[in-house]
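Report on the following structure.
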Amino acid sequence: MAVAKELLQMDLYALLGIEEKAADKEVKKAYRQKALSCHPDKNPDNPRAAELFHQLSQALEVLTDTAARAAYDKVRKAKKQAAERTQKLDERRKKVKLDLEARERQAQAHGSDDEEESRSTRTLEQEIERLREEGSRQLEEQQRLIQEQIRQEREQRLRGKAENPEDRGTPKLKLKWKCKKEDESKGGYSRDVLLQLFQKYGEVLNLVLSSKKAGTAVVEFATIKAAELAVQNEVGLVDNPLKISWLEGRPQGMGGPRHAGLSQGSVLSERDYESLVMMRMRQAAERQQLIAQMQREDEVGQPT
């Protein structure tokens, strides 16, 4: 890897977001986190991402090689000291005027410092050139890990599509219940009540109550399995039952009554039947709790 001049001007520790005394393990961890987010494969339309990925790779090579890191630290320290001298010099100039002899002595000292910085810079260039010739196993290993993580993410996306091969999107259900347009309680079904009813079947991505037609809503699940469980088992509030139908993502061949767990001709083991009964009992208890909670809220909201 040829040494770019801008690399010598960079703070590689700041680039990776680590402390100067960070161990190799911390350097590699910081590299993976930052390099993964700007990897060219994940940012094909962003040339800046490729540039940053290259800079991070150079930083990893330098900071995980003992000799190259020592040379870089020496250059970095010299630049820091030079900046501190410049700042002190500027502050001193505001207070007093330096005589010619003092300026000459400082110039000589700076000349010596500049020579030392130049030697340190050449040493760093030689170490980085050595890395280029030998190849960096550290960089290759970290980039292999990043490629593996990207591959795993791609496989996860493909598995998600395989669950819905017709690419019909996430499963959505349509909900209906009795509700008059002027009913402020929405027939007992607020958004929070509906979420409590349906989140027990699986992750709910979205739930929208219709603003035009009272007593209707759409619920979107993350998985088909969660939607199927909701269709088969949820009945809603006792005094105002829900009517649930598929809107999108219905599996092929699915038919029959909505509550398939109790449909005639279904084959249930004794354990399955007991589990279904326990689920229904929990649902009934939850509905009673919701009704009691709404009644308490109504009582609190009434003027005394």
Side-chain angles (χ1 to χ4, degrees), residues 159-266 268 272-302:
R159 281 197 297 270
K161 291 181 179 179
E163 292 182 358
N164 195 9
E166 295 184 6
D167 195 19
R168 291 170 292 184
T170 52
K172 299 178 182 65
L173 304 179
K174 186 175 182 180
L175 314 177
K176 289 185 178 182
W177 64 91
K178 294 179 181 179
C179 178
K180 295 181 179 179
K181 190 173 183 179
E182 62 276 7
D183 185 359
E184 296 182 358
S185 69
K186 297 182 175 61
Y189 291 101
S190 65
R191 188 175 188 276
D192 289 339
V193 170
L194 289 170
L195 281 174
Q196 290 183 54
L197 290 175
F198 286 97
Q199 281 177 338
K200 59 179 175 284
Y201 299 107
E203 182 183 358
V204 174
L205 298 178
N206 200 8
L207 194 151
V208 180
L209 277 75
S210 174
S211 58
K212 297 181 179 180
K213 189 174 182 181
T216 60
V218 174
V219 59
E220 178 182 12
F221 284 96
T223 65
I224 293 177
K225 184 64 177 176
E228 287 180 333
L229 289 173
V231 170
Q232 293 169 0
N233 298 290
E234 187 55 53
V235 296
L237 301 177
V238 175
D239 58 346
N240 193 359
L242 286 173
K243 293 182 180 180
I244 306 175
S245 59
W246 285 91
L247 189 61
E248 292 183 14
R250 179 175 183 171
Q252 289 184 351
M254 183 177 179
R258 189 185 62 182
H259 302 290
L262 296 179
S263 62
Q264 185 177 4
S266 62
L268 292 176
D272 292 336
Y273 182 77
E274 291 175 355
S275 298
L276 184 58
V277 171
M278 292 299 295
M279 178 185 290
R280 294 295 175 79
M281 291 175 65
R282 287 196 300 271
Q283 291 174 351
E286 289 174 359
R287 295 187 193 99
Q288 292 301 323
Q289 290 175 1
L290 287 172
I291 293 171
Q293 179 181 345
M294 289 185 293
Q295 289 175 345
R296 287 195 297 272
E297 291 175 353
D298 291 341
E299 291 174 0
V300 172
Q302 291 177 357

The reported gap from OG in Ser245 to CZ in Arg250 (rounded to nearest 0.5 angstrom) is 9.0 Å

- Is there side-chain contact between Phe221 and Leu205, with heavy atoms separated by less than 4.5 Å? no

Closest non-hydrogen contact found for Gly202 with Ala226 is CA-CB, 3.8 Å

Q | 4.5 Å side-chain heavy-atom contact, Leu197 and Tyr189 | A | yes

The reported gap from NZ in Lys180 to OG in Ser185 (rounded to nearest 0.5 angstrom) is 11.0 Å

- Okay, side chain of Trp246, backbone of Pro171: is any donor-acceptor separation there less than 3.5 Å? no

The reported gap from NZ in Lys178 to CG in Asp239 (rounded to nearest 0.5 angstrom) is 10.5 Å

Rounded to the nearest 0.5 Å, the CG atom of Leu195 sits from the CG atom of Asn206 at a distance of 9.0 Å

| request: Using a 4.5 Å cut-off on heavy atoms from C-beta on, say whether the side chain of Val204 contacts that of Leu194. | output: no

Scanning both residues in full, the closest heavy-atom pair of Trp177 with Pro241 reads CB-O, 3.8 Å

Does the Arg191 side chain pair with the main chain of Leu207, one donor and one acceptor, at a distance under 3.5 Å? yes

What one should report as the nearest heavy-atom pair of Ala214 and Cys179 is CB-O, 3.9 Å

Is the shortest heavy-atom distance from the side chain of Val218 to the side chain of Leu247 under 4.5 Å?
yes

Measuring only between side-chain heavy atoms, which start at C-beta, is Leu242 closer than 4.5 Å to Phe198? yes

**Report entry** 4.5 Å side-chain heavy-atom contact, Glu248 and Glu220
**Finding:** no

Nearest heavy-atom contact between Leu209 and Ala217 is CA-CB, 3.9 Å

Rounded to the nearest 0.5 Å, the NZ atom of Lys186 sits from the OG atom of Ser210 at a distance of 11.0 Å

For Glu228 and Pro251, the nearest pair of non-hydrogen atoms, with its separation, is OE2-CG, 3.2 Å

When rounded to the nearest 0.5 Å, the distance separating NZ of Lys174 from OG1 of Thr216 is 6.5 Å

